[in-house]
Amino acid sequence: MAEVEDTLKRIQAQHGVIGTIVVNGEGIPIRTTLDNSTSVQYAGLLHQLTMKARSAVRDIDPQNELTFLRIRSKKHEIMVAPDKEYLLIAIQNPSE
Amino acid sequence: MKDKSNADNLPKPEEAVASEPGHPEYIFPLVLTSVSQELFSCRADEDVTAENPHKLLKKQDIIQDLRHRAAVCDFSPVKQAVLDYPEDELLLVFDRDFTYGQSFYLVLTVQAKESILKPPAEGADEQMEDEEQQEEEEEMMMKTPEPQPWVSLGSEQEIQDQSLSESRPRLRYSVCPLGRRSGTRVRFSDRNALDWKEELVECSSYEDKSFSITRMERDSSTQTCRDNTHTCTQTLWKKPKNMWSQYEPREFSSEEKQHQLQSENLKNFITSVARRFEIYLQQNLIADVFCDDWTALCEDDASLMGKTETQLKEYQSFMDLHFSKEKTISHVQWHPSISGVIVVSMMERLSLEERIDSSTKLLLNPSHILFWSFSDPINPQLQLECPDDVLCFQFSPSDHNIIAGGCMNGQVVLWDISAHVDRLQDTRSGGKNILNKLGKSDATPVVRYCAVSGIENGHKAPITDIQWLPETFEVNKLGTPVENQSRTSVQLVTCAPDCCVLFWDLRAPRVMVHSLTDIKQKQEEKPLENPHGVPNTFTHLNLTWKPFIRVSLPKISSSGEYSPLKFSMRENTVDYNTGDKSVSGADSHVFAQLRMQSAKQQKPLQNISTKLYIATEDGELVYTDWKVEKDNDSGRMLSAKPLDVFLLQDTLLHTVSRSPFFRDIILTVGRFSFSIWREGLTCGPLLMSVYSKSMFSAGHWSRSRPAVLFMGREDGDVEVWDLLQNSRQPSHTQNISTAAISSIRTQTSSAKQNLLAVSDRLGTLHILQIPGSLRRSSSSERQNVEKYFEKEEERLQYFEKRQSDHQKKKKETEAEQQKKKTELVTPPKQEEEVDAETLKEYQQFLTLEKLILKDMNIQNETQQTCNTINTP
């Protein structure tokens with residue numbers, strides 16, 4: 001439990017990170033550093049997107065699988081690390 | 001069949017049988033009393049029931065009963081019918097349901113009796129009927145039908161018609177050829193009839209009209225259908241309708257979250273993923289992920305190819321026939337909020353002597369400030385009447401309807417154009433509908449000035465520069481900036497070559513109120529009539545206005561004063577809390593009601609620079625502070641000596657302006673060159689342009705590109721200087737007019753910033769379009785310009801340092817030389833001492849050598865031989 005906390009804190013403490021969210025397999029946030037409504041929104045949308053991305057990768061090559069997803073936008077970069085049961089989302093603003 | 005006992009029971013006449021018309025004639029409803037019922041053994045519900053309602057009564061019994069009881073008998077009304085009855089037995093039916101009105105009815109005819117008994121009879125009678133039918137059938141089977149003679153009904157005729165019969169005997173013909181030998185054998189052969197059509201005579205059948213057979217009967221069928229019908233059906237019309245649903249996301253409770261966090265899987269997941277995350281997060285910091293290489297590439301290309309586009313195209317030019325003759329434009333300003341409106345002040349093009357000569361004529365022709373709009377190039381939209389030639393004017397930054405101008409005679413003038421703003425805005429928007437305007441009056445409205453300062457209080461020389469203080473702060477009597485409660489610009493600063501800078505306030509001065517009567521009098525005086533239709537905004541100032549601070553400019557080193565032509569203040573921003581709204585809820589337009597604050601109420605503000613740069617008539621740039629101090633000796637306000645003075649040229653400096661991009665970069669333009677300064681840097685200008693042959697007459701920073709300057713020359717050229725490209729010559733020159741350029745201004749109101757207003761000494765205003773390359777700045781241009789200025793600054797500092805170092809060194813060398821001079825006096829004494837010293841050293845060296853050799857026990861012989869050699 002403590003290791004989980006430490007790791008999450010380390011990620012959050014990186015320069016420019018706005019927030020981190022841990023999401024379960026159904027898209028419900030388990031642990032978040034943002035407020036409730038924002039994290040629920042991020043969790044729902046990114047969960048769907050990750051499913052889609054994962055199925056796309058699998059369809060192209062069944063031996064392949066999705067390891068990481070990065071969405072770069074004008075203002076931030078959203079990083080998603082998928083897993084069988086969980087999802088770790090981090091939002092970074094690197095221009096600061 | 002039961003026996004009937006004789007009983008006469010005459011029916012009472014009261015028991016009249018209701019002879020209903022409903023019952024048939026052979027039915028006679030009867031009422032039988034219980035006595036007669038017993039007599040005839042047809043008691044209701046005992047002998048005669050609903051199932052078995054029929055009872056046959058013997059006729060004789062009824063007749064006997066009739067005789068016995070005569071009138072009392074129930075059958076007396078039917079006596080005659082009974083007597084006439086042919087058979088012996090009469091049918092009495094028990095009418096339980098009273099169908100004919102009474103409980104019994106008597107059937108009077110034989111046939112009815114038969115019919116009643118037989119067909120509708122159920123139960124026992126039915127069986128009997130079936131048996132009878134069966135008997136009949138058997139009888140039929142047994143009997144063979146006997147043939148009956150045929151009766152002709154007329155059908156033989158048809159048969160005869162249809163049948164074929166000979167109507168006459170058959171004809172016989174014998175055919176034999178003529179002249180043929182009879183008896184010889186005839187040989188018959190076959191011959192095809194079709195091959196020998198010529199020897200053939202055919203009798204084919206043909207339609208003979210006289211023997212047409214008409215059909216008498218024909219089988220045909222028809223079907224009926226409607227030709228046109230109207231029907232309707234209902235279609236499904238899906239109307240778009242707004243639908244919404246409310247939902248909320250699924251969430252975990254905190255206990256569940258805790259539980260989840262504890263799980264092993266989560267731990268493994270996080271540890272496996274964290275490493276990757278950190279790498280990527282750091283990656284983003286190392287390289288700029290958001291830089292778009294593609295666009296950055298094309299920007300550089302654009303600067304190379306932009307040379308074709310540097311031409312300033314003429315967009316429009318304004319020249320008024322009535323007012324611009326013999327006049328020149330002294331100041332140009334774009335309207336700060338309404339796009340497409342430009343304001344120009346006209347001035348007489350006369351030298352001082354000529355002015356004095358024609359002063360009477362000038363008094364009769366007042367000068368004007370004209371408002372031009374792009375929609376109407378011939379007629380100005382608005383005219384502002386001025387008491388004298390206006391050299392400069394400015395719009396108030398907080399209220400764009402108030403204009404302050406400085407006149408030739410040293411007065412400050414105020415106009416309020418709130419009444420005519422609609423007209424200006426209309427011309428901008430509805431410029432296309434010129435036809436509609438013909439109905440309106442074509443004459444341009446003339447607006448008279450609202451207030452003028454008192455002549456004795458103002459400047460003694462023509463006012464050459466006027467500026468408003470921004471609405472963020474105001475200045476009190478000592479010159480300290482304080483908080484501006486009303487958040488509007490209420491103060492002006494003017495300068496003139498009479499060696500002072502004056503601060504003016506738009507509000508009425510604080511007047512001590514002595515008594516209530518005074519207040520009342522003042523209130524009564526306020527609603528004065530307005531001559532000339534002048535708005536009331538500044539009537540409290542008219543002719544009594546005076547400045548509240550007078551800043552004089554004493555020279556630093558000598559006595560006398562500087563005579564300013566233009567000045568430039570630092571742009572100061574003040575952060576106010578949004579909660580601090582103005583104290584008085586009074587309308588900010590009503591300047592008459594605003595009062596200057598008392599010293600107690602004022603809150604001094606820090607971080608406001610109170611320093612001015614002043615360009616003087618003698619070619620100096622003066623850097624001074626406007627705060628005044630109270631001189632304890634004389635009790636008057638004195639201003640401090642300027643902080644810095646730079647002597648640039650012999651002739652006057654006519655422009656001082658700050659760069660819109662950098663707050664501390666200042667451009668000064670003189671006759672022969674221009675310079676760029678940084679505020680606070682006292683060594684010298686960052687850049688000084690080369691002295692040129694033709695004179696500069698106007699200069700202006702570009703508002704869209706930090707490195708571009710527009711310069712106007714005496715021969716009518718407009719030059720575009722790009723500091724990053726070449727700081728020694730202009731990047732582009734273009735001749736606009738034949739006369740000298742008097743001022744250049746860029747448009748500030750619209751975001752596109754593509755128009756440049758250039759006015760010349762002939763009184764024409766040219767509007768030029770700035771090409772795209774001069775408009776669009778690349779993203780790095782500002783940084784490049786900053787770097788350039790920093791480099792220049794470093795260069796200056798380096799030079800200064802070098803100078804100071806050089807001076808130091810110079811001093812040091814001088815000191816050394818001085819030292820050396822003093823040292824050269826005693827050389828000879830020292831020589832002898834030096835010789836003695838060297839001898840001593842040599843002796844010391846020899847003794848040392850001997851010691852070392854003794855220690856090392858080297859052969860004394862060699863030493864001796866050496867000694868002998870060494871001492872010749």
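Here is the naming used below: chain letters follow the sequence lines, and residue numbers restart at 1 for every chain. What you see is a predicted model; the values in this text were computed from it and never measured.
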Which bit of Q41(A) is near chain B, if near means a heavy-atom gap under 4.5 Å: side chain, backbone, both or neither? neither
Engaged part of S37(A) at the chain B interface, taking heavy atoms whose separation is under 4.5 Å: neither
Is the NZ or CZ atom of R782(B) positioned over F662(B)'s six-membered ring, under 6.0 angstrom from the centre and within 45° of the axis? yes
Drop me the distance from I71(A)'s CD1 to I78(A)'s CD1, to the nearest 0.5 angstrom. 5.0 Å
Is S272(B) in contact with chain A via its backbone, its side chain, both, or neither, using a 4.5 Å heavy-atom distance? neither
Between chain A and each of Q260(B), K267(B), Q282(B), R250(B), count heavy-atom pairs under 4.5 Å; write down the option with the most. R250(B)
Return the option, out of Q262(B), E251(B), E256(B), with the maximum number of heavy-atom pairs under 4.5 Å with chain A. E251(B)
Inspect the contact between K84(A) and E65(A) and indicate whether a charged nitrogen and a carboxylate oxygen are less than 4.0 angstrom apart. no
Determine the interplanar angle of the F277(B) and F68(A) rings, folded into 0 to 90°, and report it as parallel if under 30°, tilted if 30 to 60°, perpendicular if over 60°. perpendicular
Counting heavy-atom pairs under 4.5 Å with chain B, the top scorer among V22(A), V4(A), I30(A), V40(A) is I30(A)
Donor-acceptor under 3.5 Å (R58(A) side chain, N64(A) main chain): yes
